[in-house]
Amino acid sequence: MLSKGFLFNSFVILFTSNLHSLSSVPNVIKIGSIFEREDDHLESAFKNAVERINKDRKILPRIRLEPLVERIEPRDSFQAAKNVCGLFEQGVAGIIGPQSKDASTFVQSTCDFFHVPHFRMQLDFRQAASNYSLNLYPPVQLLGTAIRSLIMNKGWKKFAVIYQEDEALLRLEEILKDPELKKRQITVRQFESDEYRIVFKNLHKRKIRNLVVDVPQEIIYEVLRHAKSVNMLSEYHDYIFSTYDLHNIDLDEFIEAGTNITAFSLIDRFNNDYQDIMKENQGTSVAHQIWLSNEHVTPEQMVLQNLTTEVALIYDSVKLLAKALHELDRKSSIKVAPLSCSRDEPWPFGVTLLNQMKNMKMNGITGNIRFDSNNQRENVRLDIFQLEYEGLKLVGNWTKDLDITFMSNYSEAISEQARKTLGNKTLVVVSALGDPYMMRKQDPECQAKNASLLSNECLEGFCVDILMNLTYSLKWKYEIHIVAGNAYGSVNQQGEWNGMIRELIDGKSDIAIADLTINHERERVVDFTHPFMSLGIGILFKKPKKESPSLFSFMAPLAIEVWVYLLTAFLGITLFQFVVARFSPYEWMNPHPCIRNPEELENNFTIKNTLWFTIGCLMQQGCYIMPRALSTRVLAASWWFFILILVSSYTANLAAFLTTERMANPIESVEDLAKQTKIHYGCLATGSTKKFFQNSTATTHARMWSFMESARPSVFVETNMKGVERVKKGGYAYLMESTSIEYTIERECDLYQVGSTLDTKGYGIATQPNSPYRKEISETITKLQEEGYLYRFKEKWWSENRCPKDGAQKVAGAASELGLANVGGVFVVLAIGSLISVFMAVGEFCWKMKQIPRAERDHIFLELMRELKNVTCCYGRARPVRRIAMDESGQVIVTERDDGNYPPMNILRYGYPHPLHPIPGGGLNDFTPNFASKDGQFLWKRRPDN
């Protein structure tokens with residue numbers, strides 16, 4: 001008999017088991033699929049996905065999926081509707097497929113009516129939402145938006161859109177209607193036949209190198225072959241394909257061309273499911289154009305070889321349904337029952353299952369899977385792949401919110417790709433003959449060749465050395481040819497270019513190297529590397545003839561006005577010295593020092609002596625006459641300082657005049673050239689110098705351009721060499737780059753550069769637009785510059801040492817005469833010294849007068865006027881000494897006569913009143929002079945008593 005405990009436990013187990021069976025999902029759930037006969041690879045992918053899900057117990061721990069497959073003829077809507085009813089009768093939780101739009105529409109309508117989830121993997125152009133249909137394929141406008149972002153990132157200014165099917169215009173609608181892209185040159189062409197090269201030839205004539213291609217995946221390989229056959233597949237072309245499955249195309253044939261081929265991919269290479277598939281099938285090729293139907297190929301290998309976007313979406317659809325069933329298994333009950341299309345009874349659990357899938361977030365092989373209100377995928381991330389030497393490589397990704405994000409090593413990868421491309425290329429180099437950049441070798445055979453036939457072996461120069469070093473660094477090869485007409489490149493009124501620029505635009509040459517100036521107009525149509533030389537526009541002119549020495553060339557160091565002021569100063573100082581010396585009492589000296597009481601005093605500063613004194617000082621020869629008074633010494637010192645400065649300046653400038661060749665220079669700057677019309681001037685007929693004057697808004701440059709344009713005969717020349725020859729003939733100034741002028745004047749000693757440069761610019765290597773080589777060449781140019789190679793190249797080709805090093809300086813550095821502005825200061829010093837001496841002379845006179853008693857002299861002013869009269873009248877160099885009324889012992893020397901008067905006393909024309917000695921019994925003023933006397937004599941008389 002069984003125990004009660006055993007019975008209780010059995011009941012609990014049985015009850016819970018029945019409860020679980022009532023509240024859970026059935027152990028086996030069927031998934032229906034409809035595939036067309038041509039979609040065998042999708043059928044195999046569906047079965048493989050179900051098998052993988054069943055093996056992964058983490059997704060469905062206790063449920064197994066059973067795949068049901070129905071096949072129909074391609075685009076057979078009737079059969080599709082019939083088969084879907086057959087699947088309903090077997091009881092399915094969802095329907096996958098078919099792929100054709102017509103058949104899929106019938107299946108979708110049927111699933112909507114019976115509330116059975118329907119999974120689609122196709123581009124949907126309809127805007128209306130479907131209640132029970134989930135489309136795992138990204139929305140139609142998503143790819144167009146991503147391609148638009150990539151075009152903006154690449155900076156395409158001119159591109160073409162090529163398509164085959166009309167639906168492509170809907171896929172690329174975001175590009176064609178974008179207002180920003182409408183401002184650019186867009187060409188739209190359709191492949192109307194299998195002869196794709198016809199369209200490519202037309203695009204080649206229009207010089208279009210950037211293309212957006214929307215064609216079925218099956219013909220991509222053939223389209224690329226046709227493009228290659230008409231030279232539309234080179235390193236200068238850039239393709240963007242609108243397919244998500246470019247990785248399934250064998251592109252090995254097109255790798256060597258170096259074409260930038262880009263496409264987007266929906267498959268996430270970092271997804272765990274994708275990584276697991278790769279690990280399980282290591283060594284199996286991924287890139288195949290067609291589905292391999294070999295019976296020996298396993299299903300896993302077939303999936304790997306054909307891992308298209310549709311295959312990945314089928315896998316994600318099965319996984320999404322499985323995860324939704326697992327979630328419902330954990331929290332609610334669901335029953336999958338057969339349905340009949342003859343009865344209007346929908347599946348009651350269809351809404352629950354659909355809502356569960358719409359609210360889920362899952363990471364699948366195609367990335368993050370989420371749905372919006374229209375059952376369309378949102379937050380889709382597209383990976384960007386680019387063709388490189390190793391095949392298609394992931395370089396970045398795009399999302400609607402973050403736009404394009406490139407990998408951190410993207411720039412390095414691009415550079416490495418360009419280097420690998422250069423290593424296998426022979427670049428076509430176009431150049432123009434011009435010393436010393438590109439020159440013929442002196443070999444007779446090379447000299448005899450026509451310029452258009454010159455090649456590497458017959459060319460040398462600065463640019464050839466640069467090319468050789470670039471070749472060494474970048475491992476390339478090159479072939480040089482000279483452009484027809486030796487034209488650098490300019491644009492006419494119709495917008496057509498010529499010369500080297502035209503060859504780059506037409507794709508006939510890869511790079512152009514010469515003394516080619518970088519300017520805005522050229523950079524609009526071609527690309528330039530970093531400049532390898534900096535320069536500016538200069539004026540080349542013939543050295544003027546030497547002036548014949550003048551008879552009075554010794555006067556050249558000083559300007560005429562300085563000589564006039566010098567003569568005036570000489571005469572003025574002579575007069576000042578004479579007046580001050582006559583006026584100062586300390587300049588009147590005893591002519592006979594042995595006689596203690598001389599009869600008269602002498603002044604050495606007569607007119608003749610003063611002239612001799614000043615001219616002796618001027619000639620720095622000295623003079624025996626020297627000033628004695630302080631006032632005359634101050635005046636003399638001022639004159640000497642004036643002479644010191646002036647003579648030193650004259651001597652220094654005279655030495656410069658004697659050692660410098662004086663030439664009659666008609667122009668010394670661009671302003672001088674613009675103001676005159678006698679000397680003609682011009683530049684190269686096709687080049688940046690002409691464009692500089694033509695476009696300049698500066699008044700001087702505009703005037704020069706007007707003159708050059710109207711001059712007859714024409715002042716423009718075909719080559720720099722012809723311009724130099726015209727300058728050598730005289731009467732012509734040639735406007736050319738300063739570096740070319742440096743080279744010319746090193747070899748043509750009768751030419752020189754006038755003034756400084758008019759602008760600042762540089763020479764660069766021009767490449768085709770969007771050339772992949774530009775960055776690599778620029779980096780190498782910078783490296784050569786930093787390591788000093790470019791400097792050594794210039795020294796090698798410029799330095800000739802034919803002309804003296806100072807040859808160009810003899811005109812520009814000629815000595816200039818000294819004007820009043822240079823020596824005016826010494827005249828001021830001299831004038832100040834003269835004024836000081838005058839004031840000091842007046843002070844000396846007043847000081848002397850103050851020492852005389854007031855009673856014995858007139859007022860100082862009267863005495864001063866009287867002395868000035870004597871000075872201006874020039875009474876001679878001597879005057880009698882005025883006797884004083886006492887001797888040295890203080891005794892009276894004037895005695896009274898018998899008649900009561902006193903003997904007369906000569907009063908000097910120059911002298912001072914003399915004090916009277918007191919006489920015995922009398923005062924100091926007992927005797928006073930009688931001013932009533934005649935003939936200049938005073939009669940002394942006693943004062944009357946008070």
Side-chain angles (χ1 to χ4, degrees), residues 24-26 28-34 45-46 49-50 52-54 56 58-68 84 87-88 91-98 104 107-122 124 128-139 266 268 271 273 309-337 339 346-381:
S24 64
V25 179
V28 177
I29 295 181
K30 299 176 181 180
I31 302 178
S33 63
I34 301 176
F46 170 66
V50 172
R52 292 180 65 85
I53 293 295
N54 289 333
D56 190 352
K58 295 180 180 179
I59 299 178
L60 289 175
R62 65 173 213 85
I63 301 175
R64 288 184 59 83
L65 300 179
E66 180 180 342
L68 301 179
V84 72
L87 292 173
F88 285 168
V92 293
I95 300 292
I96 295 177
S104 178
V107 174
Q108 177 183 328
S109 301
T110 306
C111 290
D112 285 347
F113 184 81
F114 288 97
H115 297 184
V116 177
H118 176 226
F119 297 91
R120 293 186 296 133
M121 287 72 64
Q122 59 190 221
D124 191 358
S130 177
N131 295 331
Y132 289 89
S133 179
L134 294 177
N135 192 356
L136 275 71
Y137 202 91
L266 193 60
D268 182 8
N271 178 262
D273 295 325
T309 302
E310 290 178 340
V311 170
L313 291 174
I314 287 177
Y315 183 90
D316 288 344
S317 299
V318 175
K319 184 177 180 180
L320 178 65
L321 179 60
K323 292 181 73 69
L325 291 172
H326 176 62
E327 291 296 324
L328 291 177
D329 184 32
R330 290 194 307 109
K331 57 185 179 182
S332 63
S333 62
I334 183 173
K335 183 179 181 181
V336 181
L339 301 174
W347 184 34
F349 298 99
V351 176
T352 304
L353 179 59
L354 183 70
N355 289 335
Q356 179 64 40
M357 289 187 292
K358 290 177 62 175
N359 295 327
M360 287 179 59
K361 296 180 181 179
M362 186 190 81
N363 288 323
I365 296 180
T366 59
N368 184 30
I369 298 177
R370 292 179 58 184
F371 297 95
D372 59 12
S373 58
N374 294 325
N375 296 346
Q376 299 281 342
R377 284 186 65 171
E378 62 179 3
N379 297 334
V380 179
R381 190 190 76 175

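Being a predicted model, the structure only gives us computed values, none of them experimental.
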Query - Minimum heavy-atom distance Lys30-Gly91, with the two atoms named - result: CB-O, 3.5 Å
Report task. Indicate the atoms forming the closest heavy-atom contact of Asp268 with Gly364, along with that distance. Result -> CB-O, 4.5 Å
**Report entry** Single hit among Tyr132, Trp347, Phe349, Phe88 for ring pair (Phe, Tyr, Trp, His ring centres under 6.0 Å) with Phe114
**Finding:** Phe88
Distance (rounded to the nearest 0.5 Å) between [X] [atom1] and [Y] [atom2]:
X      : Y      : atom1 : atom2 : result
Ser317 : Asn135 : OG    : CG    : 9.0 Å
Met360 : Lys323 : CE    : NZ    : 5.5 Å
Leu68  : Ile96  : CG    : CD1   : 11.0 Å
His118 : Leu134 : NE2   : CG    : 10.0 Å
Asn359 : Arg370 : CG    : CZ    : 10.0 Å
Glu66  : Asn54  : CD    : CG    : 10.0 Å

Query raised in the report: Does Asp273 come within less than 4.0 Å of Arg52, counting only side-chain N to carboxylate O?
Result: no
Find out whether [X] and [Y] are in side-chain contact, i.e. whether some heavy atom of one side chain is under 4.5 Å from a heavy atom of the other.
X      : Y      : answer
Arg377 : Phe371 : yes
Ile34  : Leu87  : yes
Thr366 : Leu136 : no
Leu266 : Leu313 : yes
Arg381 : Asn368 : no
Leu321 : Ile29  : no

Requested in this report: Using only heavy-atom distances, determine whether the side chains of Lys358 and Asn375 contain a donor-acceptor pair under 3.5 Å.
Outcome: yes
Report task. Take Val311 and Met121 through the side-chain contact (heavy atoms from CB on, under 4.5 Å) test and state the conclusion after the steps. Result -> CA-CA 9 Å; Val311 170; Met121 287 72 64; over 6 Å; no
Query - Stepwise side-chain contact (heavy atoms from CB on, under 4.5 Å) check, Ile53 with Lys319 - result: CA-CA 7 Å; Ile53 293 295; Lys319 184 177 180 180; 4.0 Å; yes
